[in-house]
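As the structure is a computational prediction, the values presented were derived from the model and not from experiment. Because only heavy atoms are used, hydrogens play no part in the values below, and waters and symmetry mates are left out as well, while side chains stay in. Order of the sequence lines fixes the chain letters, A, B, ..., with proteins taken first and strands second; residue numbering starts at 1 for each chain.
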Amino acid sequence: EAAVTQSPRSKVAVTGGKVTLSCHQTNNHDYMYWYRQDTGHGLRLIHYSYVADSTEKGDIPDGYKASRPSQENFSLILELASLSQTAVYFCASRVSGTGQLYFGEGSKLTVL
Amino acid sequence: GDSVTQTEGPVTVSESESLIINCTYSATSIAYPNLFWYVRYPGEGLQLLLKVITAGQKGSSRGFEATYNKETTSFHLQKASVQESDSAVYYCALGNSNNRIFFGDGTQLVVKP
């Protein structure tokens with residue numbers, strides 16, 4: 001069973017502060033994704049990566065950076081957190097070709 | 001662009017009744033996208049329920065079924081007789097040729113005992 005772990009699971013940040021959300025997967029998956037979910041809405045893709053040291057923009061990349069230093073780790077960075085970035089963030093991984101995503105438990109971010 | 005639209009929730013049904021959650025998709029980047037249903041049970045993470053990658057095929061899992069209909073661009077989720085344990089949020093999703101997966105807004109299903 002694929003294992004994707006996120007940290008922190010919950011965070012309160014101040015406007016203008018820097019936030020780093022981390023994701024670690026233990027199953028050698030090629031692809032990793034960061035999604036954002038707002039209450040009552042679906043998941044929207046922020047950034048993704050298919051290989052270490054390379055990241056791609058998703059549909060809503062503005063205000064976010066991503067880093068993939070190794071196959072196992074994928075971070076989402078908010079350099080200047082804003083109120084509008086309050087949401088739950090999900091990391092996911094998948095093996096190339098299968099299409100199935102394996103999700104982490106989510107990180108709830110509140111920006112005050 | 002590619003997108004997914006699904007039944008707006010919450011959907012409330014009584015135990016043993018039938019269920020259908022509608023899902024239609026728009027795929028401009030790929031002729032035959034991969035289609036998925038994901039589910040989040042209370043207190044659990046999002047997980048795959050079923051997937052179909054070939055048009056005309058049907059996927060099934062846990063008593064749920066969904067048929068990939070290329071003509072109507074639909075992938076409706078159905079179950080003949082729901083149980084209280086099926087109460088969850090269900091997400092339809094589409095995978096395109098650029099390795100992106102697009103999700104609908106989710107449909108909360110409430111099954112009354």
Side-chain angles (χ1 to χ4, degrees), chain A residues 1-7 9-10 23-27 29-51 54-61 66 68 74 87-108, chain B residues 1-11 21 23-30 32-54 57 59 61 66 68 75 88-108:
Chain A
E1 186 72 28
V4 179
T5 54
Q6 297 180 225
S7 63
R9 294 289 311 281
S10 179
C23 180
H24 179 78
Q25 55 105 352
T26 60
N27 288 280
H29 287 175
D30 305 316
Y31 289 82
M32 295 187 76
Y33 300 79
W34 275 107
Y35 285 92
R36 165 182 175 153
Q37 185 171 34
D38 296 283
T39 304
H41 290 86
L43 285 77
R44 293 183 291 169
L45 182 63
I46 307 171
H47 286 288
Y48 65 106
S49 169
Y50 55 86
V51 68
S54 178
T55 63
E56 304 291 331
K57 293 181 179 179
D59 300 311
I60 54 165
R68 181 98 182 264
F74 191 38
V88 180
Y89 293 84
F90 290 94
C91 178
S93 72
R94 75 173 179 91
V95 174
S96 174
T98 67
Q100 178 181 350
L101 292 171
Y102 294 84
F103 282 89
E105 295 292 324
S107 297
K108 183 177 181 181
Chain B
D2 300 331
S3 65
V4 172
T5 303
Q6 63 181 99
T7 301
E8 188 172 333
V11 171
I21 299 176
C23 172
T24 56
Y25 68 88
S26 172
T28 58
S29 68
I30 185 172
Y32 295 94
N34 295 341
L35 298 175
F36 310 87
W37 278 100
Y38 283 82
V39 59
R40 180 182 293 131
Y41 296 103
E44 298 185 18
L46 195 60
Q47 58 187 280
L48 180 70
L49 178 61
L50 59 86
K51 72 174 183 181
V52 180
I53 63 173
T54 304
Q57 297 293 310
S61 174
Y68 187 156
F75 191 55
V89 182
Y90 294 82
Y91 295 87
C92 186
L94 171 158
N96 72 4
S97 58
N98 295 323
N99 297 300
R100 297 185 178 193
I101 300 182
F102 297 85
F103 287 82
D105 284 345
T107 302
Q108 182 181 7

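One distance of note links CZ of B:Phe36 with CG of A:Leu101; it measures 7.0 Å at 0.5 Å rounding. For the atom pair CG of B:Leu46 and CD of A:Gln37, the computed distance is 8.0 Å after rounding to the nearest 0.5 Å. Separating the CZ atom in A:Phe103 from the OH atom in B:Tyr38 is a distance of 6.0 Å, to the nearest 0.5 Å. A distance of 11.5 Å separates CG in B:Asn34 from CD in A:Gln100, rounded to the nearest 0.5 Å. Here the straight-line distance linking atom CG of A:Leu45 with atom CZ of B:Phe102 works out to 7.0 Å at 0.5 Å rounding.
Under the rule for a salt bridge (Lys or Arg N to Asp or Glu O under 4.0 Å), the partners of A:Arg36 that lie at least two apart in sequence or sit in another chain are A:Asp38. Remark: A:Tyr48 engages A:Tyr33 in a ring pair (Phe, Tyr, Trp, His ring centres under 6.0 Å) (not counting sequence neighbours).
Other residues, nucleotides and ligands contribute only 12 or fewer heavy atoms inside 6.0 Å of the CD atom of B:Glu8.
For chain B, the nearby part of A:Tyr35 is the side chain; its heavy atoms alone come within less than 4.5 Å.
B:Asn99 places none of its side-chain heavy atoms less than 4.5 Å from the side chain of A:Glu56.
Chain A forms more heavy-atom pairs under 4.5 Å with one residue of B:Arg40, B:Gln6, B:Glu44 than with any other, namely B:Arg40. Ranking B:Asp105, B:Leu48, B:Val89 against chain A, the residue ahead of the rest is B:Asp105, based on heavy-atom pairs under 4.5 Å.
The two residues A:Leu43 and B:Tyr91 have their closest heavy-atom pair at CD1-CE2, 4.1 Å.
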